[in-house]
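Contents: one structure, followed by commentary.
Source: prediction; values computed, not measured.
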Amino acid sequence: MELEAIKALLSYVSEPVELAIYEKEVRGIPWMSQRIKKVKPCPDCTHLRLYFDDFHFLAVPFNSLVSFTNDTWTTFDADSRLYYGIRKERLI
């Protein structure tokens, strides 16, 4: 994960976002509304933690592949074969 990808992720902090964890297909997966409170590395510096409050977080490996557009940040963890998607909340 490059510094540019981390900086892009920081733009989602304190903003309403939708989060999804999926294996392959983006279509039909459930997106969960969330708010990222803070972003910081885990103690052993192998993962980036996305905190939703003071205790609950999602850890994304630093060695994952990241892509991002104006409204969606996606990373792929090759070890677990999972994608993590974060996008700006979409109001219907």
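- Proximity of I29 to E23: side-chain heavy atoms (C-beta onward) are nowhere separated by under 4.5 Å.
- Note on Y84 and I36: same hydrophobic cluster, where clusters join Ile, Leu, Val, Met, Phe, Trp and Tyr whose side-chain heavy atoms are under 4.5 Å apart, directly or indirectly.
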Cut-off 3.5 Å, no hydrogens considered: what does the side-chain donor-acceptor table look like for residues 2-15, sequence neighbours left out?
| from | atom 1 | to | atom 2 | distance (Å) |
| --- | --- | --- | --- | --- |
| S11 | OG | A8 | O | 2.6 |
| Y12 | OH | D71 | O | 3.3 |
| Y12 | OH | T72 | N | 3.2 |

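- Two different hydrophobic clusters hold F57 and Y83 under the rule that ILVMFWY side chains link at heavy-atom gaps under 4.5 Å.
- Between T75 atom OG1 and I21 atom CD1 the span is 11.5 Å, to the nearest 0.5 Å.
- Taking CZ from F62 and OG1 from T46, the interatomic distance works out to 8.0 Å, rounded to the nearest 0.5 Å.
- In this structure, the side chains of I86 and L50 come closer than 4.5 Å at one or more pairs of heavy atoms.
- Not a single donor-acceptor pair under 3.5 Å links the side chain of S33 to the backbone N or O of E18.
- Residues H47 and S64 have side chains not in contact (no heavy-atom distance under 4.5 Å, counting atoms from C-beta outward).
- Residues A20 and P30 approach most closely at CB-O, 3.7 Å, considering heavy atoms.
- A distance of 12.0 Å separates NZ in K37 from NE2 in H56, rounded to the nearest 0.5 Å.
- Because its NZ or CZ atom is both nearer than 6.0 Å to the ring centre of Y51 and within 45° of the ring axis, K38 counts as a cation-pi partner of that residue.
- Put simply, OG1 on T69 and NZ on K88 are 9.0 Å apart, with the number rounded to the nearest 0.5 Å.
- Contacts of D44 classified as salt bridge (Lys or Arg N to Asp or Glu O under 4.0 Å), with partners at least two apart in sequence or in another chain: none.
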message = Applying side chain to side chain contact (heavy atoms under 4.5 Å, CB included) to T74 and R87, what does each step give before you reach the verdict?
response = CA-CA 8 Å; T74 307; R87 67 185 183 194; over 6 Å; no
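- Using a 4.5 Å heavy-atom threshold, the side chains of L48 and V39 count as touching.
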